[in-house]
Participant: 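Here it is, the structure, as structure tokens.
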Amino acid sequence: MVSDNTKIGTGLLFLGCVFLFLGVLFLFDSALLALGDLLFLIGLTLTIGVSRTVRFFSRKDRIRGIAAFFGGIFLVMCRWPVF
């Protein structure tokens, strides 16, 4: 049986991907990209849980990818969608 948090998290993941796609489609609209980033991270946390999300983002062998991921989110939140 799937819990309610997993169902809500999957919906938020889907919405995050939709907003990210629309942000790219509308020539890197920073508001849509920022909303997509937030929904994606919240959905991921609700789907797999807080401890597994922290464990996923704190692995030493993935440090460059994690830095690039959070650096991209930071740039979008600062309204700089294209570097």
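All values reported here derive from a predicted model rather than from experimental measurement. Worth knowing before you read on, the calculation uses all heavy atoms, side chains too, and leaves out hydrogens, waters and symmetry mates.
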Participant: Kindly give the cluster partners of Phe74, where membership spreads through any ILVMFWY side chain lying under 4.5 Å from a current member.
Facilitator: none

Participant: How does the hydrophobic cluster around Phe14 look, that is, which other residues are in it when side-chain heavy atoms under 4.5 Å mark a link?
Facilitator: Ile8, Leu12, Leu15, Val18, Phe19, Phe21, Leu22, Leu25, Phe26, Leu32, Leu35, Leu39, Ile42, Leu46

Participant: How would you list, by chain and number, every residue that makes a ring-ring contact (aromatic ring centres under 6.0 Å, His included) with Phe69, sequence neighbours excluded?
Facilitator: Phe57

Participant: Considering only residues two or more places apart or on different chains, which pairs with a residue in residues 4-19 satisfy side chain to side chain donor-acceptor pair (under 3.5 Å)?
Facilitator: Ser3-Thr6

Participant: Restricting to pairs with a member in residues 35-58, which pass salt bridge (charged side-chain N to carboxylate O under 4.0 Å, His left out), not counting sequence neighbours?
Facilitator: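 Those involving residues 35-58 do not exist here.
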
Participant: Which ILVMFWY residues are connected to Met1, directly or by a chain of links, through side-chain heavy atoms under 4.5 Å apart?
Facilitator: none

Participant: Compare every heavy atom of Arg79 with every heavy atom of Ser30, then report the nearest pair and how far apart it is.
Facilitator: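 Distance-wise, the nearest heavy atoms are OG-NH1, 3.1 Å.
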
Participant: Could you tell me the separation between the CG atom of Leu38 and the CG atom of Leu33, rounded to the nearest 0.5 Å?
Facilitator: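 One gets 11.0 Å once the value is rounded to the nearest 0.5 Å.
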
Participant: Kindly state each residue pair satisfying side chain to side chain donor-acceptor pair (under 3.5 Å) with at least one member in residues 60-74, sequence neighbours excluded.
Facilitator: Arg59-Asp61

Participant: Could you tell me which non-hydrogen atom of Thr45 sits nearest to which non-hydrogen atom of Thr53, and how far apart they are?
Facilitator: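 Looks like CA-OG1, 3.5 Å.
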
Participant: Heavy atoms only: give me the nearest Val54-Ser58 pair and the separation to one decimal.
Facilitator: O-OG, 2.7 Å

Participant: Could you pull out the closest heavy-atom pair between Phe56 and Ile66, with the gap in Å?
Facilitator: O-CD1, 4.0 Å

